[in-house]
Amino acid sequence: MDRNEASARIEELRAILWENSRRYYVDNAPVMSDYEYDRLMHELEALEARWPEFYSPDSPTQKVGSDLETGDAGENAEPLIRKEFVQRAHRYPMLSLGNTYSISEIEEFSARADKSIGEPFSYSCELKFDGTAICLTYRNGRLEYALTRGDGAVGDDVTANALQISNIPSQLHGNYPEEFEIRGEVLMPYEAFDALNRERAAQEDPPFANPRNAASGSLKLLDPSEVARRGLWCTLYHIATPDLGFTTHDEALSAAASWGLPISEHRRICHSISEIEEFISYWDTRRKFLPYATDGCVVKINELSIQRRLGLTAKSPRWAVAYKYKAEEASTKLISIDYQVGRTGAVTPVANLEPVQLSGTVVRRATLVNADQMAMLDIRVGDYVFVEKGGEIIPKITRVDLSKRSAGALPPSFPARCPDCGTPLVREDDGAKWFCPNQDSCPMQTKGRLLHFVSRKAMNVIAGESSIEQLYSLGLVRTPADFYDLTSGQLQTLEGWQEKMAARFLASLGESKSAPFERVLFALGIRRVGEITAKDLAAHFGSIDALRQATEEELKQVPDIGDMTAASVYGWLRDERHIQELERLRAAGLHMSSDNTDAPLSKALEGKTIVISGNFSVSRDEIKRLIELHSGKNSSSVSRNTSFLLAGSKPGPEKIRKCNELGVSIVDEHEFRSMLPQNAASASKHSVPEGQILEEPTLF
């Protein structure tokens, strides 16, 4: 490589790395794997070392990735993320760690330490948590500020949101310093991550690729109460304030734990490279049993005096290094690409793969997200692709094996027309997705909305996907109001339906009429109106009639309702077909105002804040409804304010651990029901356990 080639490659790498840094830290929607990003960073470091005349203080090798907003959010950024936080300077630079995927480089780090230190020392070996960095400042024992990493010098003030994370204490106890900074990670446990992605899938929002992205996005939400609902967790691992009287890093962490701060117990003091390698090897397997994501181990010089002597580079400390586990991936062939139409009209490409074993499961399909993602991957049907599980949960295609590409393979053409109804597609809003605008006549959209209407969080009618397909294909149901015109005689003429089956279906329809207005509003399937937005609109306007009379400006007065949501609601409510549908639903007996919501049945749980976890004899939503009907308050995370944890089968281990740590009582379902008035503890007869799939012929 000559000088001109080196200059061109350095500029190319810098552009690629800064773009992907923005997607990772700001958008929380990375399109490049950590391994590929780190590989390109190491290539850039090597080129800059060989050609020092091209040094730049603005190179990504000289600066940490920044989570500060510098412009419009990317196309996949979560819409509820706040664009403008108050920014505060870090008292001490908040740097990142140098990392490697090679044990030999850990050995080199240890050898350099042995050679340069010249006195006995030890290592603190810890887990590398896959979350988003946070810095907490405590003064006189109270949390004063919580800042994101930002650009290392300045961070966003997220104190209000941090106070909603259950294990971040607002007040310390014990013999704590007058003022200090402590740093760590905000995590999203797998249990909370799964629940959040189920909600996003129901709204046809792109799922978060992994818990790290979900945690980072959640920490910058508009509404602190929504942050609390997302079940974030924090672990802290470094006191930045010097001269607090500690001799070692491990001693400082143990003291912090005694003050009530969340410090991981998964650390070990090592004295040799063999002990370090043993720690890394042990956690390569054991980390898969933890309730949260980890992606490696961190090796630190334990003695604080030696840390100070070794100092820092512009980007990272010289006294620590991270070993990262490479995400498990597999190579397989892309057989075909399907284009699925969701209930909102969004067209999503899905890759059909030759079955491949990955992280204990067989992967056959993986989302390609949208047309831009397909173009970025430069993917072709027939390619061999590498698949990994984001956060070891969601299968995703990370790259193409170009060495195996067949000659003449052509890029796939994203359809110009709806693959279901043939209507020309449109690209709207942020330009990330293509939509079919034929919202009321496209079969896939119609069936998707019907399935959404009967879903558990909407009207909770017993009907699976095959039931909807059957009723739609025979022309019995085209709109939600059609459900309420069905008769037992009609249903019994259908293949596989019997009298008892028809009776239970109609009974569940009858019970759905008691659903409160907010759930009816959610069930309508208005684009951009999810469960929380429906609650906000119902609480603000009180009735469908008031909502119909609202202008777009009045809709935007509701907290968290932006331009696009207001326009979507306003337009939907002025479509004559939808007006007629609303009148039919009103005539069927559905609640069209908040005046008809359930009044409390008793005050048995008044003043109690209850967290639920696990599976129950009925759905979790039904359990939450029981709590509210008896004047209790639901909460998503365990804290000192929790009255008790209601634990079903297979409760979350972190919630159990937190209860034991805080002395919070754990109550089973039988004991919970005994707290309620006699004959008031039963839930809807047609409720089913969370996660159970309703499919014929075992539906009834």
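Quick caveat: nothing in here was measured; it's all calculated off a predicted structure.
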- Task: Go through the steps to decide whether Arg640 and Glu661 satisfy the test salt bridge (charged side-chain N to carboxylate O under 4.0 Å, His left out), and finish with yes or no.
- Result: CA-CA 10 Å; Arg640 289 181 175 82; Glu661 179 183 310; 5.9 Å; no
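Salt bridge present: Glu191 and Lys655 bring a charged side-chain N and a carboxylate O closer than 4.0 Å. In summary, Arg399 and Asp383 do not engage in a salt bridge, as defined by a charged side-chain N under 4.0 Å from a carboxylate O. Looking at Arg112 and Glu105, no side-chain N of the basic residue comes within less than 4.0 Å of a carboxylate O on the acidic one, giving no salt bridge. We find that Glu278 and Arg268 are joined by a salt bridge, their nearest charged nitrogen and carboxylate oxygen being less than 4.0 Å apart.
In this structure, Arg286 satisfies the cation-pi test against Phe289, with its NZ or CZ atom closer than 6.0 Å to the six-membered ring centre and inside 45 degrees of the ring normal.
Shown here are the salt bridge (Lys or Arg N to Asp or Glu O under 4.0 Å) partners of Asp157, two or more places apart in sequence or in another chain: Arg88. Qualifying side chain to side chain donor-acceptor pair (under 3.5 Å) partners for Tyr237, counting only residues two or more places apart in sequence or in other chains: Glu185. For Glu43, the side chain to side chain donor-acceptor pair (under 3.5 Å) partners are Arg9, not counting sequence neighbours. Legend: residues meeting side chain to side chain donor-acceptor pair (under 3.5 Å) with Ser665, ordered by chain and number and at least two apart, are absent.
Aromatic rings of Tyr323 and Tyr325 (six-membered ring for Trp) have centroids within the 6.0 Å cut-off, being under it.
Judged by distance alone, the side chains of Glu303 and Ser122 do bring a donor and an acceptor atom under 3.5 Å apart. Using modelled atom types and a 3.5 Å distance limit, the side chains of Asn302 and Ser124 yield no donor-acceptor pair.
The stretch residues 239-252 participates, sequence neighbours left out, in these salt bridge (charged side-chain N to carboxylate O under 4.0 Å, His left out) pairs: Asp250-Arg267.
Between atom CG of residue Leu219 and atom CD of residue Gln164 there is a gap of 11.5 Å, rounded to the nearest 0.5 Å.
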For residues 168-182, tabulate all N or O donor-acceptor pairs below 3.5 Å that involve a side-chain atom, not counting sequence neighbours.
unit_1 : atom_1 : unit_2 : atom_2 : d
Gln171 : OE1    : Arg142 : NH1    : 3.1
Gln171 : NE2    : Gly141 : O      : 3.1
His173 : ND1    : Ser258 : O      : 3.4
Glu179 : OE1    : Arg139 : NE     : 3.3
Glu179 : OE1    : Arg139 : NH2    : 3.4
Glu179 : OE2    : Arg91  : NH1    : 3.2
Glu179 : OE2    : Arg139 : NH2    : 2.9
Glu181 : OE1    : Arg183 : NH2    : 3.2

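Put simply, the side chain of Ser639 gets close to the backbone of Asn641: a donor and an acceptor are under 3.5 Å apart.
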